[in-house]
Trainee: 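After the structure tokens below, expect a handful of questions from me.
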Amino acid sequence: MRSPAALGIWQRALLLRGTRIRLSPSMRSITISSSNGFMDSMKVKVAARHFSYRTLFHTILILAFLLPFVFILTAVVTLEGVNKCSSLDCLGRRLGPKFLGRSGDGSEKVVKDLSKLLEQVNSEEIPDGLKLPESFNEFLSDMKNNQYDAKTFALRLKATMEIMHREIKRSKLAEQLHKHYAATSIPKGLHCLSLRLTDEYSSNAQARKQLPPPESLPLLSDNSYHHFVLATDNILAASVVATSVVRSSLKPEKVVFHVITDKKTYPGMHSWFALNPLPSAIIEVKGVHQFDWLTRENVPFLEAIENHHGVRNHYHGKHSLGTNDADNPRIFASKLQARSPKYISLLNHLRIYLPELFPNLNKVVFLDDDIVVQRDLSPLWEIDLFGKVNGAVETCTGEDSWVMGKRLRTYFNFSHPLIANKLDPDECAWAYGMNIFDLNAWRKTNIRESFHYWVKENLKSNLTLWKLGTLPPALIAFRGYVHPIESSWHLLGLGYQEKTNLDSVRKAAVIHYNGQCKPWLEIGYKHLQSFWTRHVNYSNDFIRNCHILDPQ
């Protein structure tokens with residue numbers, strides 16, 4: 001139906017052509033007549049307009065239901081903004097251009113163009129003497145002031161990134177070097193502890209009492225007991241190892257500890273264990289000078305090491321020489337660790353002489369001084385080594401490839417023909433630090449002679465066969481004599497792997513802080529120190545007076 005206004009316009013148009021129109025008062029009929037006789041009259045009925053109350057009610061009801069949603073949708077769009085919306089309206093605005101093959105804001109094209117530009121400048125050399133900004137704000141300001149073109153922007157961005165990368169690399173290398181110096185130095189507290197205990201040895205008869213007491217001497221060679229051997233000059237570390245073994249043992253009265261130290265540390269070490277006996281366990285403390293067998297004739301390679309011109313420079317020289325920005329910080333850390341002076345000390349080589357030092361013992365467990373025992377180790381004596389000499393955890397399997405991904409290629413220089421012809425680079429390595437040794441089986445081998453031979457060969461080749469401490473010659477000497485044991489017995493890497501899984505640490509029988517970050521040092525990883533510090537008696541007078549404080 002046409003509106004009255006529309007009908008008025010139509011009516012005026014017909015009048016101009018000689019046609020008259022009349023509307024009924026009720027607007028229900030229209031009469032059209034012509035003056036030319038062609039159309040006398042025409043009556044058109046218009047349908048009645050019916051608008052029921054039911055329809056009106058339903059319309060109002062629908063509007064009442066929809067209006068709140070329209071209001072909420074409008075509010076969401078307003079608050080979230082066009083680019084950060086999650087409503088259906090925004091979703092349509094985002095997906096619509098993509099369905100039509102167009103990008104909504106052109107950002108994808110910008111990224112593609114920038115990537116293409118960066119690839120182009122990747123092979124270009126950075127101009128010498130190019131002055132670069134030292135911060136992002138300076139870079140942004142410089143870019144605005146000089147109105148870079150796209151290529152200049154990309155080239156300066158590349159130069160800035162490369163300089164930042166080199167600076168970060170230098171910082172990491174410097175960090176590793178500082179850690180090395182911290183790890184090879186003696187903390188003031190530990191030095192104080194050794195001096196005070198040494199003084200106590202000279203002035204206190206109780207500190208000089210015989211260890212073990214005379215009635216327990218026969219037990220030092222009783223093979224029905226569990227014998228542990230520890231060689232160290234670190235009194236506090238020795239205390240933690242022995243304490244953790246006894247606390248974890250189901251039968252501490254069956255534990256015999258043989259602590260070996262150097263002549264300088266012997267008085268202090270003896271004083272500590274004399275004044276702080278471990279309940280039920282038997283402790284023996286001996287200095288290397290008290291073993292008649294340890295002569296230069298029986299240990300020939302020590303003299304060779306002392307007289308070799310390259311050894312002192314290697315272990316005591318300037319360790320930063322020969323490094324550059326291309327070095328991997330973790331590899332550099334390994335090289336530094338291998339240059340620790342402890343690797344040319346007699347204490348570090350004592351384990352290769354265990355059959356001669358303890359001629360009456362059949363089996364011993366050798367422990368490093370940077371370990372903590374968390375589980376009873378007596379089942380180690382029940383493991384059948386099947387005629388092998390050394391029960392050890394292999395280090396070529398496991399989730400952590402940095403700690404448990406070590407094969408012979410990790411330790412040896414396979415470009416040297418002597419190594420290439422003798423060893424397989426893919427052969428699995430194993431761990432020193434917690435080993436069960438069958439001394440009876442060992443005495444039937446030439447392991448010691450093989451060890452001496454390879455140490456001398458490395459000296460003759462000017463340390464080019466290997467440079468990673470005392471483990472490499474042992475890896476060769478014990479070839480064919482190692483029996484793998486379950487990896488849960490020995491967890492490694494707590495001294496250089498900050499992201500060690502804490503659940504694995506809790507479950508391991510022995511945890512090993514091998515690496516630079518020892519738990520008694522300031523550089524030790526704080527979240528891993530508590531497994532070690534729980535075995536330190538911080539109420540002890542000597543520890544308190546030397547200000548050895550609990551890190552927590």
Trainee: Can you see whether S378 engages D376 through a side-chain donor-acceptor pair at a distance of less than 3.5 angstrom?
Mentor: yes
Trainee: From the options L278, V246, V245, select the one residue that forms a side chain to side chain contact (heavy atoms under 4.5 Å, CB included) with P252.
Mentor: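 The passing option is V246.
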Trainee: Does the side chain of H270 pick up a donor-acceptor pair with the side chain of R208 at under 3.5 Å?
Mentor: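 Absent: no donor and acceptor within the cut-off.
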Trainee: Answer with yes or no whether the side chains of N234 and D369 bring together a donor and an acceptor at under 3.5 Å.
Mentor: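 Distance-only check fails for D369 and N234.
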Trainee: Looking at E215, I want to see if its CD is surrounded by more than 12 non-hydrogen atoms of other residues, nucleotides or ligands under 6.0 Å.
Mentor: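 Counting other residues, nucleotides and ligands, CD of E215 exceeds 12 neighbours.
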Trainee: Any carboxylate oxygen within less than 4.0 angstrom of a Lys/Arg side-chain nitrogen, looking at D199 and R196?
Mentor: no
Trainee: Mind checking what makes ring pair (Phe, Tyr, Trp, His ring centres under 6.0 Å) contact with F257, not counting sequence neighbours?
Mentor: F228
Trainee: Can you tell whether the side chains of E356 and R443 come within less than 4.0 Å, N to carboxylate O?
Mentor: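 Judged by the 4.0 Å cut-off on N to carboxylate O distance, E356 and R443 do not form a salt bridge.
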Trainee: Which heavy atom of D292 sits nearest to which heavy atom of T295, and what is that distance?
Mentor: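 In this case the closest contact between D292 and T295 is O-CG2, 3.4 Å.
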Trainee: Other residues, nucleotides and ligands only: do more than 12 of their heavy atoms fall within 6.0 Å of NZ on K209?
Mentor: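 More than 12 within 6.0 Å, yes.
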Trainee: Thinking salt bridges, do K518 and D370 make one under a 4.0 Å N-O criterion?
Mentor: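 Yes.
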Trainee: Going by the side chain to side chain contact (heavy atoms under 4.5 Å, CB included) test, name the single residue among L492, I371, V373, I485 that passes it with M434.
Mentor: I485
Trainee: Return yes if a side-chain donor-acceptor contact under 3.5 Å exists between S221 and N360, otherwise no.
Mentor: no
Trainee: Does a side-chain N-to-carboxylate-O contact under 4.0 Å join D368 and R351?
Mentor: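 Salt bridge flag = yes for R351 with D368.
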Trainee: Quick test of your reading: applying disulfide (SG to SG under 2.5 Å), list the pairs with at least one residue in residues 424-463, sequence neighbours left out, ordered by first then second residue.
Mentor: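 Output for this query lists C396-C428.
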Trainee: Mind listing the closest non-hydrogen atom pair of V299 and W293 along with its distance?
Mentor: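 Minimum heavy-atom separation between V299 and W293: CG2-CZ3, 4.4 Å.
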Trainee: Are any side-chain N or O atoms of K286 and backbone N or O atoms of F291, one a donor and one an acceptor, separated by less than 3.5 Å?
Mentor: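 No; judged by distance alone, with no hydrogens or angles, the pair does not exist.
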